[in-house]
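Convention: sequence-line order gives letters A, B, ...; per-chain numbering from 1.
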Amino acid sequence: MCGFIVAKNSFKYLAQGEKMNNAIITRFPPSPTGYLHLGGARTALFNWLYARHTHGRFVLRIEDTDVERSTQASVDAIFEALEWLGIDWDEGPYFQSKRIDIYKGYINKLIESGHAYYCTCSPERLEEMRSKAMASGGKPKYDGTCREKGLRPSGHAAVRFKAPLSGNTIVEDRIRGNIVFDNNELDDFIIARSDGMPTYNLAVVVDDITMNINMILRGDDHISNTPKQIQLYNAFGASVPVFGHVPMVLGHDRTRLSKRHGAMSVTAYRDMGYHPEAMINFLVRLGWSYGDQEFFTRQELVEKFNLEHIGKAAGVFNPEKLLALNAEHIRASSDETISVHLLPFLKQKGIHAEKGDYLNAVIGTLKQRSKTFIEMADGAEFYFQEKVTLDESAAVKFLTPAVLEPLRQIFQALESTDKFDQPTLEKIFTEILEKTGLKFGKIAQPIRVALTGKTVSPGIFEMMETLGKEQVIGRVKAAIDYIEKAS
RNA sequence: GGUCCCAUCGUCUAGUGGCCUAGGACGCUGGCCUCUCACGCCGGAAACACGGGUUCGAUCCCCGUUGGGACCA
């Protein structure tokens, strides 16, 4: 009985699925004119998360029709950034430059159906018209000279969209509600230049129609393009996708993010030792919220992301918060995961470490105190040196004759123990301290300097256990020799 | 200039008419813990842009002002 009902329901669901009416299809359409910056990455992330959240599809499309500014290097940089962030796509990448014929076909459809017309107005005349309109306080829009002429195609004619002259075009925005545009404000915009190349709005709409995109999340700098695009959808008889315009990411001075705000490219943060999980957590929380929760894993983001909690106000990029979040993600990651990210930075420092128990133990002692992987690599350096590089002032301050005797006793005790784990080591130290009447505080820094060469490091005992007996007694001996030689 | 969007601590934000003496996070700051540095814990300063309405009651709804932003030139 029960099984029957379930079967019936799943059948119903499948039937809808076959028509593809209920699968959300989102997209990310970057222009390859530079690296992927933080704002773009966030847009990509929102679309990716929404697709994953709804078990829909995510399409990648490269908008490279601007041949002057598009480069292969930028395309590669975008792929690299997306890969680092863990944003994968189900379809594409499509390249607009390879779809020109498709756009031309759709332009012809509009001409044939009477929704577009050829226009031979000269740029000079248009410019004159524009400045005249501006001077008299009017709107600089096309006056419709060629609208009803029924011009035939010719070598130098542009194509204009025959836009509705009255009424409203309403953008039903999932984030902002309805935005109403008076069709009077819009004009017969160009959809094909005189050389036959499609314009931005035409290409985007044709792509989104042919790729079955039904959900468009993009920056709110696109709001004013939207009514034009909706009119195109209507002219093509295509169903209009759901729009959601997300607020922009601003620099500290509340202006559009640019070079002078510091590092903006996503991969720059990778190179500065940031954790991709922290990056996506940060980017998503900039403009989206889930109550008071600040920390999210990728999995949680996929589960919890929704459109309801996307804010409307533009947000300022706050590098300090990203740093704090990075530290938190490092702390929350497994030693194995961290090792994958840390290895390149160790290599950069000339340290030839490899994955395994030793590296994991090293990371274990460092992850509470590292805000970035670079910091961690710096902090890990002493673990991989055969001989400690003594920091001059540290040595002078802490490796003094006063600690020579205690160090000798410690050396002997360490040499004669077989077990080298933290509890054993602590016990050894307690006994020596009791015997000598020394406070641990007096001997801790000298030991630290002996083991690492520096005054800042992980805890004494965890370091000792990680380094192992041989390394530890070697380093303590070296410190004793140093003091003897200096005095 | 026109059109459109936006407005809670310095920053990211919670809040959808009474639960607000406005909550959390970063940052700042006082303290605790402590072998250094961190982590952690306890505490503090810090905001509803302004003016009108609507309502018994507005951070929350409406209008305007101001201020920011985007797009079109």
Query raised in the report: For B:C39, is chi within 90° of 0 (syn) or not (anti)?
Result: syn

Query raised in the report: Applying a 3.5 Å limit to both distances, which nucleotide forms a Watson-Crick or G-U wobble pair with B:C50?
Result: B:G64

Report summary line: By the Watson-Crick or G-U definition, both distances under 3.5 Å, B:G17 is matched with none

Query raised in the report: Are OP1 or OP2 of B:A14 and a side-chain N or O of A:S289 less than 4.0 angstrom apart?
Result: yes

Report task. Between A:R331 and A:M248, name the one whose nearest nucleotide on RNA chain B is closer to the 5' end. Result -> A:R331

What's the gap between [N] and [M] when it is taken at their [atom1] atoms, as a whole Å value?
N: B:A38; M: B:G31; atom1: P; answer: 15 Å
N: B:A46; M: B:G23; atom1: C1'; answer: 14 Å
N: B:C41; M: B:C48; atom1: P; answer: 29 Å

Query raised in the report: How would you list, by chain and number, every residue that makes a side-chain hydrogen bond (donor to acceptor under 3.5 Å, both in side chains) with A:D481, sequence neighbours excluded?
Result: A:K477

Query - Results of side-chain hydrogen bond (donor to acceptor under 3.5 Å, both in side chains) for A:T33 - residues two or more places apart only - result: none

Value in whole Å for how far the [atom2] atom of [N] lies from [atom1] of [X]:
X: A:D187; N: B:C71; atom1: CG; atom2: P; answer: 18 Å
X: A:E185; N: B:A73; atom1: CD; atom2: C1'; answer: 14 Å
X: A:L250; N: B:A70; atom1: CG; atom2: P; answer: 7 Å

Query - Residues forming a side chain to side chain contact (heavy atoms under 4.5 Å, CB included) with A:L165, sequence neighbours excluded - result: A:R147

Query raised in the report: Side-chain donor-acceptor pair under 3.5 Å between A:H245 and A:T226, yes or no?
Result: yes

Query - Identified ring-ring contact (aromatic ring centres under 6.0 Å, His included) counterpart of A:W288 within the set A:F296, A:F46, A:F282 - result: A:F296

Report task. Apply salt bridge (charged side-chain N to carboxylate O under 4.0 Å, His left out) to A:R176 and list each qualifying residue two or more places apart in sequence or on a separate chain. Result -> A:D220

Query raised in the report: What pairs with A:K367 under salt bridge (charged side-chain N to carboxylate O under 4.0 Å, His left out), at least two apart in sequence or on another chain?
Result: A:D335

Query - Sorted by number, the residues of residues 464-476 of chain A with heavy-atom contact under 4.0 Å to RNA chain B - result: none

Throw together a table of side-chain donor-acceptor distances under 3.5 angstrom for residues 197-204 of chain A, partners on residues two or more places apart or in other chains.
from: A:T199; atom 1: OG1; to: A:I190; atom 2: O; distance (Å): 2.9
from: A:T199; atom 1: OG1; to: A:I191; atom 2: O; distance (Å): 3.4

Identify each donor-acceptor pair in which a side-chain atom of residues 393-408 of chain A lies under 3.5 Å from a protein atom, sequence neighbours left out, and give them as a table.
from: A:S393; atom 1: OG; to: A:D391; atom 2: OD2; distance (Å): 3.1
from: A:R408; atom 1: NH2; to: A:E484; atom 2: OE2; distance (Å): 2.4

Which atom pairs, one a donor and one an acceptor, fall under 3.5 Å between side chains of residues 420-427 of chain A and the rest of the protein, sequence neighbours left out?
from: A:D421; atom 1: OD1; to: A:T424; atom 2: N; distance (Å): 3.2
from: A:D421; atom 1: OD1; to: A:T424; atom 2: OG1; distance (Å): 2.4

**Report entry** salt bridge (charged side-chain N to carboxylate O under 4.0 Å, His left out) contacts in which one or both residues fall within residues 31-43 of chain A, not counting sequence neighbours
**Finding:** none

Can you check nucleotides 9-12 of chain B for protein contacts, nitrogen or oxygen pairs under 3.5 Å, and list what you find?
from: B:C12; atom 1: OP1; to: A:R254; atom 2: NH2; distance (Å): 3.3
from: B:C12; atom 1: OP1; to: A:V316; atom 2: N; distance (Å): 2.9
from: B:C12; atom 1: O2'; to: A:R285; atom 2: O; distance (Å): 3.2
from: B:C12; atom 1: O2; to: A:K321; atom 2: NZ; distance (Å): 3.3

Check nucleotides 32-36 of chain B against the protein and report each pair of N or O atoms closer than 3.5 Å, with its distance, or say if there are none.
from: B:C35; atom 1: O2'; to: A:R448; atom 2: NH2; distance (Å): 3.2
from: B:C35; atom 1: O2; to: A:R448; atom 2: NH2; distance (Å): 2.4
from: B:C35; atom 1: N3; to: A:I460; atom 2: N; distance (Å): 3.2
from: B:U36; atom 1: O4'; to: A:Q445; atom 2: OE1; distance (Å): 3.2
from: B:U36; atom 1: O2'; to: A:T455; atom 2: O; distance (Å): 3.2
from: B:U36; atom 1: N1; to: A:R448; atom 2: NH2; distance (Å): 3.2
from: B:U36; atom 1: O2; to: A:S457; atom 2: N; distance (Å): 2.8
from: B:U36; atom 1: O2; to: A:S457; atom 2: O; distance (Å): 3.1
from: B:U36; atom 1: N3; to: A:R448; atom 2: NH1; distance (Å): 3.0
from: B:U36; atom 1: N3; to: A:S457; atom 2: O; distance (Å): 2.5
from: B:U36; atom 1: O4; to: A:G459; atom 2: N; distance (Å): 3.2

